[in-house]
2 protein chains.
Amino acid sequence: MKVVEELSFNPNSVARSLVMRKSRLIGVLIPSMDNKFISDFVNTLEKELFKCNYTTLVCNTKRDDDIEMDFLRLLKDKYVDGVVMMASNPKPHQIEFLEKMAIPAVFAGHTDSTKQFSSVNIDHCQAMYDATRYLLQNGHCKIAFFGGPDIYQQIVERLSGYKQALADYGIEYDESLFYYAHDYDIENGYESGMKLFQRKDRPTAVCCVSDMVAIGAIRAAEDNRLSVPEDISIMGFDDISIAKAYRPGITTIRQPIHELSVQAAQMLLSQIQQKENYVRETRILPHEIMVRGSCMAVSN
Amino acid sequence: MKVVEELSFNPNSVARSLVMRKSRLIGVLIPSMDNKFISDFVNTLEKELFKCNYTTLVCNTKRDDDIEMDFLRLLKDKYVDGVVMMASNPKPHQIEFLEKMAIPAVFAGHTDSTKQFSSVNIDHCQAMYDATRYLLQNGHCKIAFFGGPDIYQQIVERLSGYKQALADYGIEYDESLFYYAHDYDIENGYESGMKLFQRKDRPTAVCCVSDMVAIGAIRAAEDNRLSVPEDISIMGFDDISIAKAYRPGITTIRQPIHELSVQAAQMLLSQIQQKENYVRETRILPHEIMVRGSCMAVSN
DNA sequence: CTGTTAGCGCATTCAC
DNA sequence: GTGAATGCGCTAACAG
């Protein structure tokens with residue numbers, strides 16, 4: 001130990017990885033970086049894993065399936081000890097790859113319906129159901145939906161929650177009130193809004209798949225001389241930090257981002273420790289509606 | 001080659017790194033993740049490096065010097081081929097470490113005043129000078145400054161640009177109009193605003209170190225029944241995407257984020273290729289003022 | 001309990 | 001040209 005100090009020896013992690021087939025590295029696949037929801041998740045995850053001496057390798061897949069698979073291979077090559085998958089909904093070839101290579105993995109914000117890997121998620125369908133019901137309970141009966149890319153299971157589930165709530169309140173689903181976009185950023189919400197708000201028969205409320213879409217929608221409403229929430233109520237989803245700071249404050253569904261992250265870390269860690277004995281599980285965490293200024297009751 | 005196909009052989013990158021002392025990995029040190037400015041930078045950087053078959057290892061230092069050094073050591077251990085330093089202003093022990101370990105490095109958004117490493121940056125002093133001058137030219141003569149942590153060289157430079165502009169317009173610097181905060185997020189701008197806007201002798205404008213601070217300031221103004229920009233003009237800095245979408249649109253200084261990133265990548269790449277022959281250089285890129293709704297002229 | 005050795009999977013070098 | 005040796009820095013297994 002004295003000699004270690006004297007020569008300031010420090011073990012070479014690459015050589016160690018080579019023989020150990022371990023790296024104390026955890027890969028995290030994320031769909032993008034420009035989103036408070038994701039950065040909060042990663043921040044918490046890093047903190048949790050760091051406690052156990054793991055370093056996080058953040059992989060931004062930019063929502064590209066090929067990049068996703070490239071990263072998975074890279075991570076395998078690097079002998080990562082585990083992977084947190086939050087980039088997209090589980091795909092068969094990914095599951096197969098992870099299974100074959102015996103890489104511990106956890107899906108976060110997504111549910112592996114094959115149950116081959118653990119997942120932590122919220123009930124996206126129920127969450128959007130609650131959002132829609134909140135509007136219905138406040139007297140809205142004509143509610144538009146600004147959707148996102150339907151390649152995401154979560155988005156599909158959210159839409160079905162919306163439809164379910166309408167059905168439960170005896171309102172027929174009107175396809176002309178559904179606006180599809182290829183992404184869920186400000187621009188998409190703005191474009192959908194510009195189309196919708198120019199209609200004579202505009203609704204009294206709109207449900208958005210994300211807070212960013214909601215911000216775009218609010219901008220579009222204002223550009224059409226509509227006041228939010230007086231003329232139109234706008235509901236967000238995610239509760240990113242800007243949702244509270246925006247004017248008006250955005251009424252939205254909060255995902256328990258911190259809990260999602262902590263549990264993902266813990267599940268992955270115990271999977272790494274317990275190896276074959278690990279019992280996979282699917283956890284659904286509670287969401288919460290954040291009532292702020294972008295929605296109001298309508299008098300019938 | 002036939003056999004390679006048949007056995008679907010794929011070279012082991014860890015073993016390769018061990019013997020080559022290279023990894024085709026580039027480390028990127030960032031101060032946080034929750035910022036469009038940073039995520040845009042990283043996105044572009046990844047794209048540029050990916051073209052040359054390099055993978056990016058994103059390290060979130062959370063503005064902690066120790067974490068920063070830990071990552072630097074980790075990166076050295078992993079035999080990264082180079083490092084992009086955008087987490088904080090260059091510190092002597094980092095420079096020494098990089099120099100000693102012969103790790104190619106580039107500072108982005110920061111300038112290495114020792115000139116031992118290359119840098120790409122904007123002129124933060126001139127940028128804030130221009131922002132302040134814009135307000136002065138629009139008739140404002142009492143302008144507050146919402147500053148951030150002075151541990152950042154950029155922030156110090158921005159403050160000095162503000163002071164310089166005032167001086168050039170024959171206005172004495174009034175320390176009571178300078179509000180210091182430990183971070184530059186929405187909350188800090190809000191707190192500074194709540195203090196300032198309750199004063200009887202409030203100014204007609206405020207320069208903020210970041211767009212997030214500006215958003216907080218706008219919120220505070222509104223909570224004090226002040227209209228932006230009618231009662232008070234608020235100037236941002238960075239031009240993050242929300243600056244345009246916010247209401248009112250935030251007049252701000254745009255950093256050429258894409259160019260910053262592309263040039264950082266190119267400089268690092270040529271440094272890696274040219275080895276000892278590489279000539280270090282310091283590049284300063286032009287900024288731009290984005291005129292939007294949060295500032296207006298004042299009639300004297 | 002200390003000392004030696006084999007081998008992780010590659011690139012490099014030298015011999016053929 | 002092809003083939004066999006050496007070593008990158010470590011861990012694990014084994015011997016003394």
Side-chain angles (χ1 to χ4, degrees), chain A residues 1-27 49-50 52-57 59 69-83 97-105 268-269 271-277, chain B residues 1-27 49-50 52-57 59 69-83 96-105 268-269 271-278:
Chain A
M1 275 303 146
K2 289 166 206 158
V3 185
V4 168
E5 281 294 307
E6 276 169 34
L7 304 178
S8 67
F9 167 86
N10 118 310
N12 180 307
S13 71
V14 176
R16 181 177 247 162
S17 292
L18 184 60
V19 54
M20 301 274 289
R21 292 164 171 282
K22 282 176 192 163
S23 60
R24 298 216 75 86
L25 229 49
I26 301 285
L49 295 175
F50 190 76
C52 305
N53 276 306
Y54 284 96
T55 303
T56 310
L57 184 45
C59 304
M69 206 55 213
D70 286 345
F71 270 126
L72 241 31
R73 269 187 281 265
L74 177 93
L75 293 175
K76 186 216 89 188
D77 276 10
K78 296 285 176 205
Y79 292 130
V80 288
D81 296 4
V83 176
F97 181 84
L98 293 168
E99 190 74 62
K100 196 167 148 194
M101 300 302 175
I103 302 173
L268 187 60
L269 255 25
Q271 189 174 348
I272 292 169
Q273 283 165 10
Q274 300 170 26
K275 301 233 160 201
E276 299 77 21
N277 303 323
Chain B
M1 276 305 146
K2 288 168 206 156
V3 184
V4 167
E5 281 295 308
E6 276 169 34
L7 303 179
S8 68
F9 166 86
N10 119 310
N12 179 308
S13 72
V14 176
R16 181 178 248 162
S17 293
L18 183 61
V19 54
M20 301 275 287
R21 295 164 168 283
K22 283 176 192 163
S23 60
R24 297 216 76 85
L25 228 49
I26 301 285
L49 295 174
F50 190 75
C52 305
N53 275 305
Y54 284 95
T55 303
T56 310
L57 183 44
C59 303
M69 206 56 213
D70 286 345
F71 270 127
L72 241 32
R73 269 187 280 267
L74 177 93
L75 292 175
K76 187 217 88 188
D77 277 11
K78 295 286 176 205
Y79 292 130
V80 288
D81 296 4
V83 176
E96 191 190 348
F97 182 84
L98 292 168
E99 190 74 62
K100 195 167 148 195
M101 299 303 176
I103 302 172
L268 187 61
L269 255 24
Q271 189 175 346
I272 292 169
Q273 283 165 10
Q274 299 170 26
K275 300 233 161 200
E276 300 77 21
N277 304 322
Y278 175 75

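By convention in this document, chain letters (A, B, ...) are assigned in the order of the sequence lines, proteins followed by strands, and residues within each chain are numbered from 1. The structure displayed is predicted, hence computed values, not measured ones.
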If you compare all heavy atoms of [X] against all heavy atoms of [Y], which two are closest, and at what distance to 0.1 Å?
| X | Y | result |
| --- | --- | --- |
| B/L75 | B/C59 | CD2-SG, 4.1 Å |
| B/L18 | A/A15 | CD1-CB, 3.6 Å |
| A/K22 | A/D81 | CA-OD1, 3.5 Å |
| B/Y54 | B/L25 | CD2-N, 4.1 Å |
| A/K76 | B/N10 | NZ-OD1, 3.9 Å |
| A/V14 | B/D77 | CG2-O, 3.2 Å |

Sidechain-backbone polar pair: B/S23 side chain, B/S17 backbone, donor-acceptor under 3.5 Å
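Not at all, since once roles are kept as given, no pair shorter than 3.5 Å links the two residues.
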
To 10°, what angle do the rotation axes through the five end pairs on each side of the helix from C/dC1-D/dG16 to C/dC16-D/dG1 form?
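Computed angle between terminal axes is 60°.
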
Sugar-phosphate means primed atoms, P, OP1 and OP2; the rest is base. With that split, encode nucleotides 1-12 of chain C 5' to 3' as B, S or - using protein heavy atoms under 4.0 Å.
------BBBBSS

